[in-house]
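Worksheet: one structure, shown below.
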Amino acid sequence: MSTWEETGLKPELVSVITHQLEFTTPTPVQKASIPLFISNKDVCVESCTGSGKTLCFVMPIFHKLLARESSSSLPFALILTPSRELANQIFEVAKQINSHLGDNYTIDCFIGGRSLPEDIQKIENGAGQIIIATPGRLDDLLGKENTINFKDIEILVLDEADRLLDLGFKEKIHSIIEKVPKQRRTGLFSATMTTQVEALVRAGLRNPAYISVKVKSSISQNKKEHTKHYLPKGLSNYYSLMESYYDKFPGLVGFLKSHLNEKIIVFLGTCASTNFYTHILPKAVEGMSFYRLHGKMKQSQRDRVYEQFSNSDKGVLLTTDLIARGIDFQDINWIVQFDAPQNPDYFVHRIGRTARANKVGNTILFLLNKEDSYLNFLKMRNIEMNYIELEKNYECYHTMKNTVLNDREIYEKAQSAFVGYLRYYKEHQLSYIFEFKHLDLGYLAQSFCLLRIPRVKEILGKSIDNFVQSEVDPESIKFKDHKKEKQRAQEKERKALEIAEVKKKRKEKKQRTRTEKRTAKRKSSYKDLKEFVDEERIIRKIKKGQLQSQEVQEFINENPEFTKLFRKKRH
């Protein structure tokens, strides 16, 4: 099968995909899965990243909509995805196809980080015929009074199913599956088949057709068939070794300066590192546009950055594993793994952001010398790496130091990045390769231009080499933003007053004479004795049955548990 016509899709869809979307022939996974999905089969599809899985379910949905006789406006298809960015991406693809079909169908996207009341209003006005959603937001909406009517749902899609389960959506997915009709078609799409995914297949699919499409890379043509990972044909993988973390940033700067006119994604281990290097790199590498994208940003910011980087011809996106799965940025030239992923499965997903749809792409991995056994780990997974020597630009630390020490905001970001990296490294899943005890803390602190090493539990009591504490007081660094500096000064003044007040009270307490202390103790003892005598007198009254006494009533109101002591025993 080498043409779209042979997949069985409607002629108008074939026209859209060939002329408007400009995909001349279907990919192997599209050839295998589309005919089955449109012929009312449940499908379970496993295929490598970048193989075109999105069209495997979007096109059959439109095919079914075009074929059905009913003109119902109720939801017809539901697509669940693990991340907001992936949901947005599928939404844009579906909208594009819909526009070429005359905008005959309604499409809604429900994801977290956006206004819940607005989503509820959409539902009250009638949810779209195609719904794309993250499980968390959809589960929230289904718990509201005016919920979505799923009685006409004919197609359910679980995209990146392994990631859906990794993120802990299992219960919510099962809850959603229970709300859709049992007489439906279900498509499950994943880059890897785990035991959890297989359990989900058994629970949500009926006698599915299993489709596993592996695209071998040029590197691994001679490998045995049982190897674990298959990579796109046009992918070239490189690595570079560094003596310490102090060498990594100069290596990155040197690399970026030699690729100024290319589109690059740099993967970092933490959100804090992303925030820090986004401020530093534009000053170290002039003439490049830098973007940042991570899970702690507001959804409106994430949407804006995604759109800006997608529309750019060149530039650098600094990010975390937030976009490692399913996200399709066009024409990425290089993937730079500045920090290796904590989860080793994400290595393949990261490098899959380039060389997509039969294009060529390159990746480079930064490793410390003591981490070189990671290369053997990758080799066991059928991922061959070629060594490349990077030109290191150590002058960039002069620029970084000036930037960090002239703005408290950036100094605080440097501290956060240092602490975040410590925790990222200590919690690495391959701790036998990325050994925390071998991490040079001194060089790590130097690489963030810190004046002092923060006191955090991960390194308390450890001896630290290759670091000399600066004579400059970190408190002397001011915010460039005058408002923030004013707030900091006010906060310092408030804390100073609080400390002075505490010291004053302690001093007053210490200055009491021995006679004053004895008098205070005597008063306290007399007070305790008086309370005891009063209680004894009231208890005697209660025993005598004088419960109507005002004094007794007031005491019982204040101490209701006393009445339990005088209940008559039943024999």
Side-chain angles (χ1 to χ4, degrees), residues 242-257 266-294 296-297 316-320 336 338-339 366 368 390 392-425 439-456 458-459 464-489 491-492:
M242 319 281 175
E243 184 64 32
S244 72
Y245 192 92
Y246 190 77
D247 301 312
K248 289 177 81 172
F249 183 66
L252 178 62
V253 171
F255 174 83
L256 293 178
K257 283 188 172 182
V266 179
F267 282 100
L268 296 153
T270 68
C271 299
S273 291
T274 304
N275 291 335
F276 175 68
Y277 286 122
T278 304
H279 282 84
I280 300 302
L281 278 167
K283 296 177 175 60
V285 184
E286 296 180 356
M288 284 194 102
S289 299
F290 290 89
Y291 309 85
R292 70 184 173 111
L293 192 60
H294 59 72
K296 292 184 179 179
M297 295 168 61
V316 180
L317 177 66
L318 303 173
T319 187
T320 60
V336 179
F338 190 78
D339 301 322
F366 287 17
L368 306 185
L390 290 179
K392 299 178 181 67
N393 187 329
Y394 290 96
E395 292 179 5
C396 62
Y397 277 122
H398 178 71
T399 305
M400 181 192 285
K401 192 170 184 178
N402 285 338
T403 306
V404 168
L405 300 185
N406 286 322
D407 190 348
R408 184 168 196 83
E409 184 175 2
I410 299 179
Y411 185 77
E412 289 179 355
K413 289 183 186 299
Q415 288 181 308
S416 297
F418 173 83
V419 174
Y421 189 83
L422 287 178
R423 289 167 184 165
Y424 145 83
Y425 209 86
L439 185 62
D440 193 312
L441 301 173
Y443 278 131
L444 181 64
Q446 280 193 59
S447 68
F448 291 109
C449 293
L450 299 184
L451 303 177
R452 306 275 194 280
I453 293 183
R455 288 177 59 82
V456 288
E458 286 80 4
I459 58 173
I464 297 175
D465 301 322
N466 303 314
F467 184 81
V468 178
Q469 186 169 286
S470 173
E471 295 178 0
V472 178
D473 182 3
E475 287 300 312
S476 65
I477 303 175
K478 297 182 178 180
F479 284 103
K480 266 191 174 180
D481 187 323
H482 296 301
K483 288 183 179 178
K484 288 184 178 180
E485 182 57 31
K486 186 178 179 181
Q487 288 174 353
R488 185 174 81 99
E491 184 65 17
K492 280 180 69 175

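Start at 1 with the first residue, then count along the sequence.
- Between the side chains of Tyr394 and Asp247, at least one donor N or O lies within less than 3.5 Å of an accepting N or O.
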Worksheet item: Can you check side-chain contact (heavy atoms from CB on, under 4.5 Å) on Leu441 and Leu422, steps first, answer last?
Response: CA-CA 9 Å; Leu441 301 173; Leu422 287 178; 3.5 Å; yes
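- A distance-only check finds no donor-acceptor pair linking the side chain of Tyr424 to the backbone of Leu268 [under 3.5 Å].
- Side-chain contact between Arg423 and Thr270 is absent, with no heavy atoms from C-beta onward closer than 4.5 Å.
- The aromatic rings of Tyr246 and Tyr397 sit parallel, their planes meeting at an angle under 30°, below the 60° perpendicular limit.
- Tested against Lys484, the residues Glu412, Glu491, Glu409 include a single salt bridge (charged side-chain N to carboxylate O under 4.0 Å, His left out) partner, Glu409.
- Between Tyr421 and Phe448, the ring centre distance reaches or exceeds 6.0 Å.
- Judged by distance alone, the side chain of Arg408 and the main-chain N or O of Ile477 form a donor-acceptor pair under 3.5 Å.
- Scanning for side chain to side chain donor-acceptor pair (under 3.5 Å) contacts around Asp407 gives an empty result, with sequence neighbours left out.
- Taking all atoms of both residues into account, the shortest heavy-atom contact from Ala445 to Ile453 is CB-CG1, 3.9 Å.
- Heavy-atom minimum distance, Leu293 versus Thr319: O-OG1, 2.7 Å.
- For Asp440, the side-chain contact (heavy atoms from CB on, under 4.5 Å) partners two or more places apart in sequence, or in a different chain, are Tyr443, Asn466.
- In plain terms, the two heavy atoms of Pro282 and Tyr277 that are nearest each other are CD-O, 4.1 Å.
- Checked against side-chain contact (heavy atoms from CB on, under 4.5 Å), Cys396 has the following partners two or more places apart in sequence or in another chain: Phe249, Pro250, Val253, Ala284.
- Contacts classified as salt bridge (Lys or Arg N to Asp or Glu O under 4.0 Å) and involving residues 269-278 (residues at least two apart or in different chains) are not found.
- Residues passing the salt bridge (charged side-chain N to carboxylate O under 4.0 Å, His left out) test with Arg488 are Glu475, Glu485, sequence neighbours excluded.
- Closest approach of Leu451 and Tyr411 over heavy atoms only: N-OH, 3.1 Å.
- Remark: Phe290 engages no residue in a ring pair (Phe, Tyr, Trp, His ring centres under 6.0 Å) (not counting sequence neighbours).
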Worksheet entry | Residue pair Val472, Leu405: steps toward the side-chain contact (heavy atoms from CB on, under 4.5 Å) verdict | CA-CA 10 Å; Val472 178; Leu405 300 185; 5.8 Å; no
